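Working notes, structure below.
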Number of protein chains: 2
Amino acid sequence: MAKVEFNIACSLCEHLKDSLFNGLSPEDLSRINNHKTCIQYKKGQNIFYEGTRPTGLYCMNAGKVKVFKNNVQGKEFIIYIAKPGDFLGYRALLSEEFYQATATVLEDAKICFIPKENFFEVLQKNPAFMKRVVRAVCHEMGVMEEKLAELAHKSVRERLAANLLMLKETYGMEGEGSSLIDLALSREDLASIVGTATETVIRLLSDFKADGLIAFEGKKIRVLDAKKLAKQADLIVA
Amino acid sequence: MAKVEFNIACSLCEHLKDSLFNGLSPEDLSRINNHKTCIQYKKGQNIFYEGTRPTGLYCMNAGKVKVFKNNVQGKEFIIYIAKPGDFLGYRALLSEEFYQATATVLEDAKICFIPKENFFEVLQKNPAFMKRVVRAVCHEMGVMEEKLAELAHKSVRERLAANLLMLKETYGMEGEGSSLIDLALSREDLASIVGTATETVIRLLSDFKADGLIAFEGKKIRVLDAKKLAKQADLIVA
DNA sequence: AATCAAACCTGATAAAAGTCATCTTTTTGT
DNA sequence: ACAAAAAGATGACTTTTATCAGGTTTGATT
């Protein structure tokens, strides 16, 4: 499949305000802009592969990308789902290691690639930017610590409920109460987020639906009763 | 209990070579040194608490400290065990958030405290140091991604075996084949590392012992057959 | 419209692991 | 040295969840 390029100036990117590049000086931003390559990807295409060496940073302009690891038996665990404005592949780049995960497009995406030389140049010349990156990375670490504790001691039911709430917060549509999870996730992908079997997710989702906590709208899920869902997640001690 | 101070110049600290402070200029190192407070802690004392605001960085000189989260039912999950040379509490400091975990002394410890102003001063004046910190943080994130995938899809038996091997690598004594895990962990703490119940750890440990994979030496565990243990951990697909 | 594949769903079953109760051993504090 | 507390161990039982096997529905492609 041929790579389809597109082009948008970083300074005009609608997601700049949500991105870590926000606050960069015009010169620094144009340094990024002048060296980037922007590519359109179709659902199912891979951005990078586990075990390969990073050569730059990806910055999401449109679409959704899942970052996941495969275990020995081929079971997938989704570490993160990147949305517009997010950086992608920065962990391995900054730790100077190989990618430890694979990135695959979930919904048709537009992604800009910034060669590592240019990214590092801006990073090193700009302590305030570096500080923002460090803060974001360390915040992300905190999120992962939370996930670890959750995975260790919560039931699948609790984890599914908690993840639905998290997905609503993170990928909820603007307006209309933000109750629709704006992600066309398969049951299999949802299982890979929660860390369980596909069949278990299917059963629990129909439980939640029967209890009026959620509803299905096409491939998407709407959260009908966030409070009861939070109780299922054991976030509220009732 | 009164706090017992002690003092060692950073430049003479035997763990400097293993620490992120290694490579700092003499001026920067003395800036750290001149503002630090070094305290001796007894087993069971707390260094910091979940929900409080960090005011500086801790740097381990001796002993072992567990960093853990408590869930709603009071079950503990150990995120990390800090050893001499390690930084402690840097995540919340650098993300400018409250501590998300509590730190408690496992083995009598000597820990230096560096006020955040002085740490940030050195960090900002020294791009190479900043880069090393970022690299270390991102490496740690990779370790956590690995743990997440492991927790999601591996059995308790596999996780216990994998963690015993990890503990051997990380806390193994120098010399004598490094096969003795130099950590006096209770069964309960080990369960909090693996993410399971204490009884399950006890049963699995006696299985491993019966199979000649490990041996108990006082409160410590010796790995007798790392290869078979790796097979139990499903790290080797036989 | 027919066909194929993928996704989704359901039921039965088995394995894994948690919980609870009880007992023994070790450690700690006075 | 002794009592009390904590840690370790074991058995019985229950719950949760994975797995397998078989269905149906949906969606894409020709």
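The structure presented is a predicted model; accordingly, all values stated were derived computationally and were not measured. Naming convention: chains lettered A, B, ... in sequence-line order (proteins, then strands); numbering from 1 in each chain.
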**Study point:** Intermediate values then yes/no, salt bridge (Lys or Arg N to Asp or Glu O under 4.0 Å), E76(B) and K66(B)
**Key:** CA-CA 11 Å; E76(B) 209 174 280; K66(B) 66 173 172 181; 2.8 Å; yes
Given [options], which nucleotide is nearest the side-chain atoms of [X]?
| X | options | value |
| --- | --- | --- |
| S155(A) | dT16(D), dA7(C), dT19(C) | dT16(D) |
| I202(A) | dG8(D), dT10(D), dC9(C) | dC9(C) |
| R203(A) | dG11(C), dC20(C), dC8(C) | dG11(C) |
| S186(B) | dA17(C), dA18(D), dG8(D) | dG8(D) |

Rounding to an integer number of Å, can you tell me how far [X] [atom1] sits from [N] [atom2]?
| X | N | atom1 | atom2 | result |
| --- | --- | --- | --- | --- |
| F208(A) | dC9(C) | CZ | P | 15 Å |
| R157(B) | dA15(C) | CZ | C1' | 13 Å |
| Q73(A) | dA18(D) | CD | P | 13 Å |
| L160(B) | dA17(C) | CG | C1' | 13 Å |
| H153(A) | dA17(C) | NE2 | P | 14 Å |
| F216(A) | dC9(C) | CZ | P | 6 Å |
| E188(B) | dT19(C) | CD | P | 13 Å |
| L190(A) | dA7(C) | CG | C1' | 14 Å |

**Study point:** Sidechain N-carboxylate O distance under 4.0 Å for D18(A), K83(A)
**Key:** no
Check your understanding: 5'-most contact on DNA chain C: L204(B) or K43(B), nearest heavy atom basis?
Key ->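 Closest to the 5' end, via its nearest nucleotide, is L204(B).
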Taking only side-chain N and O atoms of [X], does any of them lie within less than 4.0 angstrom of OP1 or OP2 on [N]?
| X | N | result |
| --- | --- | --- |
| T196(B) | dG18(C) | yes |
| T200(B) | dG18(C) | yes |
| K219(A) | dT25(D) | no |

Point to revise | Under 3.5 Å donor-acceptor pair, E199(B) side-chain atoms to dC20(C) base atoms | key: yes
Review point. Does L213(B) reach the side chain of L224(B), with side-chain heavy atoms less than 4.5 Å apart?
Key: no
Exercise for review: Determine yes or no for a side-chain-to-main-chain donor-acceptor pair under 3.5 angstrom, with E50(A) supplying the side chain and K69(A) the backbone.
Suggested key: no
Review point. Can you tell me if H15(A) uses its side chain to pair, donor with acceptor, with the backbone of N61(A) under 3.5 Å?
Key: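 Here the side-chain-to-backbone pair exists.
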